[in-house]
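Worth knowing before you read on, the calculation uses all heavy atoms, side chains too, and leaves out hydrogens, waters and symmetry mates. First listed ligand is number 1; within each ligand, the first listed atom is number 1.
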Amino acid sequence: MAQEDIFKKLVAHSKEYGFVFQSSEIYDGLGAVYDYGQNGVELKNNIKKYWWDSMVLLHENVVGIDSAIFMHPTIWKASGHVDAFNDPLIDNKDSKKRYRADVLIEEQLAKYEEKIDKEISKAADRFGDAFNEKQFRETNPRVLANQEKIDILHERFTKALNDNDLIELKQIIIDEGIVCPISGSRNWTDVRQFNLMFSTEMGSTAEGASKIFLRPETAQGIFVNYLNVQKTGRMKIPFGIAQIGKAFRNEIVARQFIFRMREFEQMEMQFFVKPGSELDWFAKWKETRMKWHRALGFGDDNYRFHEHEKLAHYANAAVDIEYKFPFGFKEVEGIHSRTDFDLSQHQEYSGKKIQYFDPELNESYVPYVVETSIGVDRMFLQVLSASYCEEQLEKDSRVVLKIPPVLAPVKLAVMPLVKKDGLPEISRQIIDDLKFDFYCQYDEKDSIGKRYRRQDAIGTPFCVTVDHQTTQDNTVTIRYRDTMEQERVAISEIGKIIGKQVSLKDFLK
Ligand code: ATP
């Protein structure tokens with residue numbers, strides 16, 4: 001099945017099974033804003049816990065905070081967001097559709113890469129075991145021609161971005177013959193800058209109100225609390241501050257479901273280090289974060305690092321972790337070496353000294369910062385994309401979400417074979433005994449087969465069926481989601497069997 005079709009099915013499945021709903025749906029929705037349903041919120045909470053525990057619980061020198069969304073407006077002046085948090089936008093005059101100029105060019109680069117990949121996979125099929133990919137890449141004329149196109153375009157694109165040259169960005173789009181996917185035309189407007197911050201007013205009277213922004217990242221809430229946390233927590237450098245919270249960006253093009261939203265959630269950690277040591281820490285966090293992703297078992301080849309074409313105004317090194325979504329490799333997390341830019345700016349704009357006295361060096365300095373920043377919603381989409389499977393079985397087929405058990409919304413479903421003979425009561429008792437440890441669901445409606453399918457569709461890793469034999473010997477059938485194997489176990493064993501598989505503690509260890 002084409003990857004786009006899989007993605008469409010995934011979106012429909014998310015709605016049908018209570019993971020993600022369009023915001024304000026009964027009023028025809030609100031663009032690029034989504035609500036999480038009864039299963040979605042559980043998965044989201046589990047993702048957040050996986051992140052929080054691995055960052056805060058397991059690192060003695062990382063602590064958390066929860067700062068307000070509203071902040072003093074000068075913060076966004078100091079951080080550079082008022083002047084520079086822009087995306088270059090371009091409109092197609094025929095379809096009236098709006099695009100990000102940089103994204104159009106990135107997609108063009110991806111097209112050339114796809115062409116190379118196709119040549120390689122064709123050749124790999126043809127030559128079998130004898131295939132030498134390195135040699136093929138270095139000698140095949142079609143691969144070389146496409147690689148040259150990539151290199152030339154990449155260099156031109158990077159220069160245009162770094163020079164903030166909007167005329168050149170448009171020229172690249174024209175020269176590359178990039179067409180609007182809707183109208184198919186090359187009738188483009190000029191490229192313009194567009195600030196992504198939402199603003200609102202605080203204060204009760206029009207005269208007394210002041211314009212404030214909805215934060216476009218959670219990081220600034222950490223920077224402005226650096227001194228508070230360092231002093232009250234008696235933190236010694238190097239140390240980190242972690243935060244999970246909402247962020248808002250008035251994205252120009254909001255497509256691809258929850259990949260690009262106007263209201264989303266971030267999990268960010270700012271790690272404060274001694275000046276000069278930041279690139280070592282950058283390398284360390286890069287590896288640590290990649291391990292965190294790969295530990296979920298979605299396939300190491302589905303991740304890659306992507307170096308930034310253009311460094312943000314505050315960074316001296318930056319890399320993205322990309323995951324292979326059904327619509328291609330895309331950023332899930334950014335790791336940035338932010339230098340002392342943010343703290344120095346806040347020091348200047350606030351007039352307060354924001355420094356660290358290093359007892360070893362016997363001197364004060366403005367710490368450097370390495371940031372890890374991941375979107376909860378993109379991570380959610382990664383988990384769904386990786387887990388969604390359509391399986392052909394002997395007699396029928398099933399859709400199953402093979403979500404890692406630690407993240408699965410519901411861990412256990414308990415099902416009485418029939419709604420009588422005391423079986424519902426035993427089922428309820430099992431749930432009552434286990435519900436403090438993990439999320440259990442009771443289900444007595446329809447045939448057992450249908451009930452299994454329903455649980456497969458939401459990714460429940462374990463189902464327990466209570467039947468008449470249970471009343472005799474206190475055993476039940478436990479059925480495993482991925483293998484669909486069933487075995488007979490004692491009721492007293494259920495907690496242990498499941499507990500081990502869904503325990504974040506065991507997983508993190
Ligand atoms: P992009 O290039 O895709 O716009 P970005 O580089 O601007 O992303 P960052 O500012 O580095 O993103 O934000 C850190 C993380 O926050 C991203 O890796 C992503 O997971 C998440 N994120 C950013 N923007 C959005 C959005 N509009 N919707 C959902 N998640 C987002």
With heavy atoms only and a cut-off of under 4.0 Å, state how [X] meets ligand 1: side chain, backbone, both or neither.
X    : answer
R260 : both
D320 : neither
Q266 : side chain
E268 : neither

>> Under a 4.0 angstrom heavy-atom cut-off, which atoms of ligand 1 come close to E333?
In response: 18 (O)

>> I'd like to check which ligand 1 atoms, numbered from 1 as shown, lie under 4.0 Å from a non-hydrogen atom of E251.
In response: 24 (N), 26 (C), 27 (N)

> Is E168 salt-bridged to R156, cutoff N-O under 4.0 Å?
Replying inline: yes

Anything under 30° is parallel, anything over 60° is perpendicular, the rest tilted; go ahead and classify [X] against [Y].
X    : Y    : result
W281 : F271 : tilted
F341 : Y314 : tilted
H346 : F223 : tilted
F325 : F327 : parallel
Y388 : H13  : perpendicular

Quick test: of every protein heavy atom, which one is nearest to [atom], and how far off is it to 0.1 Å?
atom                    : result
atom 19 (C) of ligand 1 : R378 NH1, 3.6 Å
atom 10 (O) of ligand 1 : R249 NH2, 2.9 Å
atom 20 (O) of ligand 1 : V332 O, 2.7 Å
atom 29 (C) of ligand 1 : F259 O, 3.3 Å
atom 14 (C) of ligand 1 : S373 OG, 2.9 Å
atom 21 (C) of ligand 1 : G375 CA, 3.7 Å

>> Counting neighbours of CD on E391 that are heavy atoms of other residues, nucleotides or ligands and sit closer than 6.0 Å, is the number greater than 12?
In response: yes

> With a 4.5 Å limit on heavy-atom distance, are the side chains of Q256 and L381 in contact?
Replying inline: no

>> Just to check, does R100 reach to within less than 4.0 Å of ligand 1 when the distance is taken from its heavy atoms?
In response: yes

> What are the two closest non-hydrogen atoms of L166 and P88, and how far apart are they?
Replying inline: CD2-CB, 4.3 Å

>> Pairs of nitrogen or oxygen atoms closer than 3.5 Å, one from F264 and one from ligand 1: do any exist?
In response: no

>> Quick test of your reading of the structure: of E331, E322, E263, whose heavy atom lies closest to atom 12 (O) of ligand 1?
In response: E331

>> Measuring from atom 26 (C) of ligand 1, which candidate in M261, K330, M379 has the nearest non-hydrogen atom?
In response: M261

> Can you check salt bridge (Lys or Arg N to Asp or Glu O under 4.0 Å) on R338 and E268, steps first, answer last?
Replying inline: CA-CA 13 Å; R338 290 180 81 129; E268 296 199 299; 5.3 Å; no

